[in-house]
Each structure stands twice: as structure tokens, then as C-alpha cells.
Protein chains: 2
Amino acid sequence: MAVTLADVAARARVSAATVSRVLSGNYPVAESTRARVLRAVDELEYVVNGPASALAAATSDLVGVLVNDIADPFFGIIAGAVQAEMGATVGEPGRGAEKLAVICNTGGSPERELNYLTLLQRQRAAAVVLTGGAVEHPDHAAAVAAKASRLAASGTRVVLCGRPPIEDATTLAFDNRGGARRLTEHLLTLGHRRIGYVAGPAERTTTRHRLEGHRAALTAAGADQDAERLTVHGLYDRASGYDATLELLRRERTLTAVVAANDTIALGVCAALRDQGLRIPEDVSVAGFDDLPFSADAVPALTTMRLPLHEAGARAGRLALGREPQPPGGVAMVRAELMARASTAPPRA
Amino acid sequence: MAVTLADVAARARVSAATVSRVLSGNYPVAESTRARVLRAVDELEYVVNGPASALAAATSDLVGVLVNDIADPFFGIIAGAVQAEMGATVGEPGRGAEKLAVICNTGGSPERELNYLTLLQRQRAAAVVLTGGAVEHPDHAAAVAAKASRLAASGTRVVLCGRPPIEDATTLAFDNRGGARRLTEHLLTLGHRRIGYVAGPAERTTTRHRLEGHRAALTAAGADQDAERLTVHGLYDRASGYDATLELLRRERTLTAVVAANDTIALGVCAALRDQGLRIPEDVSVAGFDDLPFSADAVPALTTMRLPLHEAGARAGRLALGREPQPPGGVAMVRAELMARASTAPPRA
DNA sequence: CTGTTAGCGCCTTCAA
DNA sequence: TTGAAGGCGCTAACAG
């Protein structure tokens, strides 16, 4: 069938062991033999059999990246950055083979998340990176934690990017709570008091943390009387933002600002407000979270909290490869930065 | 180290072969034995060793999906749809294990594309889906074609989604040329004659086909005198659209419309026009391509050609799994549909 | 329906 | 510096 190590060995007139050594490059081999082997590899167009070497070596070069929604740039940016760190520089034998980062789309489903973890465990993945908020259902959280421990125990590095720490994993946590708080403080400082909040799905950590930060700011300013009534939950998408905004306006027509749990939702918020004949920011200010690429281009440009997604993803990738030292305590906090733009302004007098 | 098939077999008091049969479910096994085995699997928390079974069975359950830029929703949508087709229903033994779709980000680099193909070949992937336009450099095209043939020869299904057909691969081609032509015809029908075009990178098939469609419409209408001068190339991103628009205005201030090679570029075009004090569509009409989710929400809503990305990705996934019959000749054309929205209108009188 | 027997292709001591 | 040999964990005939 396919060309094997033995074929290469025969052609280069050496043993299979020698070919293996040349290819993995972790063992001294005479330069002349080396050249001969490489030539044979070339002539035969030999390609290592991954499964076979993974079996023999008990390690694979797969790195799994789990995302909630690959069509959402939030995850696309992180995943792309992780993958870029793996540097696909194959084909140059002699220097340890590179890793293959595989992106797995869970669609936010707990079952699929677990399924993918099993699949990766089955593949004996070298590392797993879990990105984005976690589902907070206790059973599921326990199941994920258990899987993570088992993966870690079997030598798979587990890295969390944008979700709360768990045991046996290195984590890059996003400062959702602090960021959300500063964002709402920004609005309060501008003079807003009746602020609507469009939250994400209720059972996710990101949703809860951002909402908590928002509430904390309101409470600190003594402006939290209506907080409950002025909060609407939905999905992290544009349609939810649209619908939620209509609901908010129904509940409180005199809103002067709306904070969205993320930029995508904020887009829907803007659309709904506009359709209701309200101007941004003259009538209602709008703010988002994440600072995705399109946010700066929105009209008006969206005020939001910037999360260094690319940097975080790259760092997660390095941690997954063991190329970067663990942060103290295994946990590092990634801060969010306020990007005050045109979508927020003082309320009408 | 880890629990193996043999451990399960011992515990269930059957042979390893029986356990294997229960797990893969492709062979009759007595219900009682089956139950006993499943219980042992459970108690031992056994997880199949992927590499080992791939080696023995000479097939793996990996399916590779190559994309040019995973942070771009165009690819995110396609990749997500492919992956959804794989249905990660693991953990339910007895029904053939599901595939693991792995998304590989080439960043548009020919070398990385080839590298990933090698990596997937090394993993003995069950299938490979190549998405998005191809680089037209002859050497590279030949290299990719050769790799594809080799993959196909070794039993890996090769599916193309959004790129021109090659031998040994099933392809879902996007009707970029026809779509672009209809889009420009739409503008011509509205009365536009001085139409700028912001193209993508010169050496990509998608870029060329869309540009050709545009030119064909102009030529048919006898409006192609300035076509060359009114075309600017850039990347498929917002910044390029912005810069290209400034350049176009420098070349021809009296433009009444700008066609962008895709929606992302169109966003930049809109931003630039606005910054130049031009209104859309009163002063200048703008059109994009793809109909990404944000396009309908832009202000004004963007006229564009809709490509059924999700459907195409899903179909590519099914073809990769061999769950859908080959289209006649191995090639199917995916049509684009005109979405005439608020960003285009007749030119000023 | 179930057990036995060979490998799948590669890595890795152990010797030479 | 190189070769020989055993085994990684699983699947796939082939018997029974």
C-alpha cells in the first residue's frame, strides 16, 4: 500500500531504526547516512504514519481547541491565534514535528463539549485548550473537571482560555467582572441612571460575571433599584440583542443607555433602537464587550471593553505546548480595556 | 498506564476481539455479553486508543477542514457547518464512532496549506475539505493537485468547497463569476456608469472570478472604458477596503458606485466614503459579496450577493463522509443570489 | 456467536 | 554511530 519506514530503510541501505532517528532528529546520526536517508525519503515521497508513531511513542501531535461557536469572530480570533502558535512547519525533518491544532466546535452544547474531550482523549492529544465561558450546570461542571483531570493524568496538557479556573488546568481567565464594572461606571459617570442590560444565556460563567460587574457598578452608585427589571437574557447573537431591546423598551421607554453582554448583541441593540426611531447616542447610548473588529467600524463606533483575544489565544497556545512558563498559581488574569467611542454620550438633559 | 482493551476483556471475561466488536458495533454479539462488556467499559472508564485502532484498521476518524482565515465569518460559517455534519455523538458505543472534524487555518499561505495537507496525510485522515479560493501560482496549484491525488489514492476523500475543481476531488464551486456579473448588472440597471471596484488579492481564484464577472457586465453594457483604472486590489479585509476607496476617489472623484469583492471589504468602503463626507447611497452606492450576517445590519443595509455558506458547508461535510451521492461529473455549482438592499440606489440625476 | 492468531508501522531499549 | 528485536493497543481474518 503506502510507503513505509522499511521501504525507506531498504532504499537508503540502513535499518529502520536509523531512519526513525533521522526523522525524529532526537538522536545523533552520521551526516552522510542522514543525507542518504533524507534523499530516500524524498524519492519515495514517504510520509510518516501518524497513528503508528503515536501508538509506538504513546504521544500524538494533536492539540485540541474547543470553541463554542466557530462562526463567531470572538472564537475565531482566539482559535486562529492558538493555531498560529503551533507553526505548521512540517516537512522539515530533523526538528521535532510540529503540532496539529484542531478546532472543535461545540456549539455551546455541554454534551458535545464532553464528546469532544473524549474524542481528544481517545486520540491521546498532546494538549487541549478550552475557550470561552463554561456552562454552569453542576453536573456538567463536575464532568468536565473529571475529564480534565483524567486528561492531565494521562499527560495531556489542559489550558483554559476565557473561562474560570479548574484543577489540573492552566488558566487564562478574562476579567469579565471587572471589565463590566468599569464599563457601566463609564456610563454612570456620563450621567446615565436608567440603564438597560442585555445579558447572554443565563447558565454561562461569562454571562454571570459580566452581569455581576454591571450590577456592582450600579449598586456602588446607588442606582440599582430597577436592575432586575432592566435586565433581559438572550443568546450571544444579534437577533437576541434586537429582541431584548424591544422588550427593554416595552418595560421602560425612558432608558437612556443599554449595555450589551457582547459586541454582537450590541449590534442587534443598535438595530432595534434605530428601528424604533431612537438615535445613538443622542437618545440612547449603547455599549458592548470584546471589541471585535467590526465594532470600531459600526456607525456610530461602538464603545466597548477590549479583550486582547489574539494575545490571549497565542499565550494559550504557548502554554499548551509548554513553551511558556506557568503563571503563578496556574492562573493569569487577562484584563479588559475601556474603548470609549461614539456610541456613548451623556443623556439628554 | 491507561486502561486497555485487554483490561476490559479480562474484566468482562471475554476475549479482546469481542470487546472490539461490541465497541465498533459492526458485528453481531450476544446481548448478554454485550451488556457485560459495556458495564466493564463503564466501570473501568475505558477510552479507546485512537492511534492504535487507526493503525490496525488503517483508517482514522479525522476529517481535516482547511480554511484561509478562521477569524473571518465566511470561513467560520462553512467550517462550523462541516463540523456539525460530523455529529460528535461519541460515547455511545455500538454505533460506528463519529468523525472528528479538525479545522486548519492556513492564513492564506500556500506553504501552510501544503503543510497541513501533509499533516493530514500523515494522520491518514478519512477526508479533507478545502475551502475558499485557491492561490493561482502554477507551482502551488500543481503541488496541491498532486497532494490531492495522493490523498485520494490512499483512500482519503477530498472535497473542495468554494474553489475551482481539480482532479480526484469532489467540488462544490461557488458561482463567483455569475454572481459578480449579476451584481454589477444590478448597478448598471439602476443607471450607474462610473463604478469603482475593490478587488481582493490578485493571485486568488475567487478574486479573479469575481472581477471577471464584474468586467463582463460592464463590457456587455458598453461601460468598460475605465474598468482598469477604476479597479484597485487589496486584501479581503476592512482596512484594504478603506484604503482602496480613498485611492479610487483620488483617481475618479465622480464615482457613483463602488463594488467590493466581499462584504468585509465593503464595510471599509462605507467607512471611507463616510469619512470623505459622501452619503450612501445618495452620493455613492456600495455593494458587497457573500452576505455575511453583519451585512443585513449595516447602516445602510448592504446590497450583496448571498452565498448559501452554511448549506454548502453542510453538503461538503456530507460528501466528505460519503453520505451524499457525488454530483454529476464530481462538480456542483453553488449559485449566488442578489440581495438588493439600501446601500444601492440610482445615481444622482 | 466467540476465541485465537497475526500483524498494522513505528519507536526504543539493548547490543555491537 | 548503527542494527536487531520486542512491543505499543487494536482489528481482522480464520477457526470453532
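Excluded from the calculations below are hydrogen atoms, water molecules and symmetry mates; all remaining heavy atoms, backbone and side chain alike, are included. In the text below, chain A, chain B and the rest are named by the order of the sequence lines, each starting its count at 1. Because the structure is a prediction, the values reported are computed rather than measured.
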Check the pair A:Q326, A:T170 against side-chain hydrogen bond (donor to acceptor under 3.5 Å, both in side chains), reporting the backbone distance first and the verdict last.
-> CA-CA 7 Å; A:Q326 297 280 325; A:T170 303; 2.6 Å; yes

List the protein contact pattern of nucleotides 11-16 of chain C with one symbol per nucleotide (5' to 3'): B for base contact, S for sugar-phosphate-only contact, - for none; contact means a heavy-atom distance under 4.0 Å.
-> SBB---

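As a whole-Å value, the separation of A:Y46 OH from C:dC10 C1' is 7 Å. The CZ-C1' distance, from A:R13 to D:dT1, rounds to 18 Å in whole Å. If you take CZ of B:R124 and P of C:dC8, they are 14 Å apart, rounded to a whole angstrom. As rounded to whole Å, 16 Å separates atom P of D:dG9 from atom CD of A:Q123. Summarising the geometry, the separation between CG on A:N49 and P on D:dC8 is reported as 18 Å, rounded to the nearest angstrom. We find that CG of A:L55 is positioned 12 Å from C1' of D:dT11, with the value rounded to whole Å. Taking atom CZ of A:R36 as the reference point, atom P of D:dT1 lies 15 Å away to the nearest angstrom.
To the nearest 0.5 Å, atom OG of residue B:S109 and atom NE2 of residue B:H140 are 7.5 Å apart. The structure places OG1 of B:T131 at 12.0 Å from CD1 of B:I77, a figure rounded to the nearest 0.5 Å. Expressed to the nearest 0.5 Å, how far CZ of A:R112 lies from CG of A:N68 amounts to 11.0 Å.
For the OP1/OP2 pair of D:dT2 and a distance below 4.0 Å, the side-chain nitrogens and oxygens of A:T33 include at least one atom meeting the criterion. Contact between the side-chain N/O atoms of A:T18 and the OP1/OP2 oxygens of D:dG3 is found at a separation under 4.0 Å.
Shown here are the side-chain contact (heavy atoms from CB on, under 4.5 Å) partners of B:S149, two or more places apart in sequence or in another chain: B:D168.
A salt bridge links A:R163 with A:E113: at least one charged nitrogen is closer than 4.0 Å to a carboxylate oxygen.
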